[in-house]
Amino acid sequence: MNTENSLNSKQKEAVEATEGPVLVVAGAGAGKTKVITERIKLLMKNGVPPEEIIAVTFTNKAAGEMKARTIEQNSDIKKFRLPFIGTFHALGLLMMKENAKKLGLSGRFTIIDEDDSIKLVKESVLELNLDIKQFDPSRMKHQISSFKNKLVEQEECAEEGYFGEILCKIWQLYEKKTKAQEFLDFDDLILKPTRLLMRDKNTLEKYQNRWRYIHVDEYQDTNEAQYMLSKLLSAKHRNIFVVGDIDQAIYSWRGADFRNVLSFQQDYPDAKIITLEENYRSTDIILEAANAVIINNKMRVPKNLWTKKTGREKIKIMVAEDEKIEAETVAFEILTLKRGRIPALEMAVLYRTNAQSRAIEEALLSHNIAYRIVGGVRFYERREIKDLLAYVRLVQNPQDEISRKRILNVPARGIGKTLATKIFGKTIPLKPEEEKKIKDFEALIDDLRKTSAEKKPFEFLRYAVQKTGYRRYIEDGTEKGMDRWQNVEELIAISRKNEDLEEFLEHVSLFSAEDVYEPEDGSGKVNLMTIHSSKGLEFEAVFVVGMEEGLFPHVLSLDATDLEEERRLCYVAITRAKTKLYLSLAARRAIFGERISNMPSRFLKEFPEHLLEYQEMFPPDGGLPEIIIE
DNA sequence: CCCATAACTGTTTTT
DNA sequence: CAGTTATGGG
């Protein structure tokens, strides 16, 4: 980043363009967050009330950083008078709450995650007596998502042909289920408010007058619904300020369409367009490599990042025999860097798939190198966390069948499959002992409900894990059990921040534990994460592992369009590094228990030869494996 | 109904 | 390989 207060002329131009539509095309490390936060500060300085300003991001991490930077050196801004700075989903939720009645909802909705949402689709497929293989629930869910991302509501589903008609039927049933329980999936949080604005002029105008200055970060990641939402909100005052970089568009699989950046000029012919090309992060060596790789993409707007930083070190290539040696080499190199006084927190190991982290973890563990995993199996998706949250949800909302189903027999209380179907199928004849089991369960929930009304969330959770026998159930003496219990304790700790259960649930549905906790505890740990989750971050030293065909680019992304996205991913990975960049690959690697041989990634050939050097291997005596990069 | 074991499957990225 | 689902004996 460039020094705190100084803005270069382009940045200044962007910040000072406070009126009218503005598109900032900002390369990696060119200070795009800074431009947004400085502009917000300037607006407020000029007397624009904070309530009239919003800034939308895609991740909580980005929103948090933006908030912090807006407050910074601006302590005179009272905390309760801050602009809305948050994710699209948080903004959507806010609008949903404010308009619950208009949308025919009570306002006590539950946000469901991808897992639960797929479960509901599965139920729907089964209820329609369809073949679960032919109509794979997660694929169906993906289809439904694509519709919603394109602003199509269920009633408008008009797919033709056998498959299409059935898809609409599945969606219909899914919609019925979610409506009945006031469930909202992630897509609904954008779709519903946007459609409301499209059909209700009054509501639209209300929001247009309320939010007169709109900022959108990572504009290349917007999908059609998000694009429309920001367009509608800004249509009246036309103060829309978007920042994006097509070369960093890596979410098309989730419905994002970077062409939204390209069409900005058509939407607003008078838009001011500013390109930021000076990079304040990486050395010229790293940038030259990044530019050389990304130039191979056809779908882009030419742009050339440059820097004043002259690099001393070339990019190091490490060729290993297998993933274990690759990991050892990384560990060995990390130790060397540590001796060279590079703090661990300034190092990151980046990989294409989460599965790759294991080998790295094992090597780091064996060398006593502290690390932390960013992302990974997400906290709130862990079984024990979901179980406990299901109890909380059921306590809050007796209608919540997905939660009831989840914990009815967790821990085991003699309510097996047959009895469960009887309950949900409302079959009357129950044996006395069955009656009793159900009564006991409902009594348990009633008791929890009463307790929840009297206690704070964290006290309630402590009570609940005891009372339900959940603690005994997971603490089974195994290492895994201990791990699980630790997660539960972490959840309880998180709940301390919340005054009531409703707030707690809302918080856990939109945030991940990684967002809740301080990113770095100061003890200095090496960062491990996927390339996707590294976007927006920077490190002194970056290791990109698994530079192999099939892994990166991934086998499932080899057609022309996907390949360009893989290349952008490579671009993102490279541009995380400030001064040291390592690329590693393994000749053989274990993938689902099988050993396979991979060729070096085609991306490696796109790096200019003169920027590369081969790193000696660990262990150095092993002899170099026979891999030659053409 | 419960638990253990066997069989199976699906493994890219995530708000 | 690991996590989930199907199967079968207790």
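First the proteins, then the strands, lettered A, B, ... as listed; each starts at 1. Being a predicted model, the structure only gives us computed values, none of them experimental.
For T87(A), there are no side-chain hydrogen bond (donor to acceptor under 3.5 Å, both in side chains) partners, not counting sequence neighbours. Partners of D188(A) according to the salt bridge (Lys or Arg N to Asp or Glu O under 4.0 Å) rule, which considers only residues two or more places apart in sequence or in another chain, are K148(A). Applying the ring pair (Phe, Tyr, Trp, His ring centres under 6.0 Å) rule to Y207(A) yields the partners W211(A); only residues at least two apart in sequence or on another chain are considered. Take E506(A) and apply the salt bridge (Lys or Arg N to Asp or Glu O under 4.0 Å) test, not counting sequence neighbours, and it matches K97(A). Partners of F183(A) according to the ring pair (Phe, Tyr, Trp, His ring centres under 6.0 Å) rule, which considers only residues two or more places apart in sequence or in another chain, do not exist here. Scored by the salt bridge (Lys or Arg N to Asp or Glu O under 4.0 Å) test, E218(A) finds K32(A), K535(A) as partners (sequence neighbours excluded). When the side-chain hydrogen bond (donor to acceptor under 3.5 Å, both in side chains) test is applied to N296(A), the partners found at least two apart in sequence or on another chain are E606(A).
Taking atom CD on E114(A) and atom P on dT14(B), their separation rounds to 12 Å, with Å as the unit. The nearest whole Å value for the distance from the NE2 atom in H142(A) to the C1' atom in dT15(B) is 15 Å. Here the C1' atom of nucleotide dT14(B) and the CD1 atom of I111(A) are 16 Å apart, to the nearest Å. Following rounding to the nearest Å, I250(A) (CD1) and dT14(B) (C1') show an atom-to-atom distance of 10 Å. Rounded to whole angstrom, the span from the CG atom of D217(A) across to the P atom of dT15(B) amounts to 15 Å. In this structure, CD of E218(A) is placed 14 Å from C1' of dT14(B), rounded to the nearest angstrom. L350(A) places its CG atom 13 Å from the C1' atom of dT13(B), with the value rounded to the nearest Å. The distance from atom CG of L126(A) to atom C1' of dT5(C) is 13 Å, rounded to the nearest whole Å.
Counting atom types as modelled, R352(A) pairs a side-chain N or O with a base atom of dT13(B) as donor and acceptor under 3.5 Å.
Across dA2(C), dT15(B), dT14(B), the shortest atom-to-atom separation from the side chain of R358(A) is found for dA2(C). Picking from dT12(B), dT13(B), dT5(C) the nucleotide with the shortest atom distance to the side chain of K122(A) gives dT5(C). For L556(A), taking side-chain heavy atoms from C-beta onward, the closest of the listed nucleotides dT15(B), dT12(B), dT14(B) is dT12(B). Between dT12(B), dT14(B), dT15(B), one nucleotide has an atom nearer to the side chain of T530(A) than all others, and that is dT14(B).
Atom name P, nucleotides dT4(C) and dT13(B): the rounded distance is 15 Å, in whole Å.
In this pair, Y582(A) and F543(A) present their aromatic rings parallel. The plane angle is below 30°, not in the 30 to 60° band. Taking the six-membered ring where the residue is Trp, F264(A) and Y219(A) present perpendicular rings, their angle passing 60° and hence far from 30°.
In this pair, Y251(A) does not lay its aromatic ring on the base of dT13(B); centres under 5.5 Å and planes under 30 degrees do not both hold. For the pair H554(A) and dT12(B), the ring geometry qualifies as stacking, because the centroid separation is below 5.5 Å while the planes lie within an angle under 30°.
DNA chain B lies under 4.0 Å from no heavy atom of any residue of residues 219-234 of chain A.
Comment: E323(A) engages R595(A) in a salt bridge, judged by a side-chain N to carboxylate O separation of less than 4.0 angstrom.
T59(A) has no side-chain polar atom (N or O) that falls below the 4.0 Å cut-off from OP1 or OP2 of dT14(B). Distances shorter than 4.0 Å separate none of the side-chain N or O atoms of N60(A) from OP1 or OP2 on dT15(B). Phosphate contact (OP1/OP2 of dT14(B), side-chain N/O of S533(A), threshold under 4.0 Å): present.
Mapping F186(A) and D136(A) onto DNA chain B via the closest heavy atom, the residue that lands nearer the 5' end is D136(A).
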Report, one pair per line, the protein and nucleotides 2-9 of chain B atoms (nitrogen or oxygen only) whose separation is under 3.5 Å.
| unit_1 | atom_1 | unit_2 | atom_2 | d |
| --- | --- | --- | --- | --- |
| dC2(B) | OP1 | G414(A) | N | 2.6 |
| dC2(B) | OP2 | N409(A) | ND2 | 3.2 |

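At a cut-off of 3.5 Å, with distance as the only test, no side-chain donor of Y371(A) or N527(A) sits close to an acceptor on the other residue.
Within the nucleic acid shown, F58(A) comes within 4.0 Å of sugar-phosphate atoms alone, with no base atom in reach, counting heavy atoms only.
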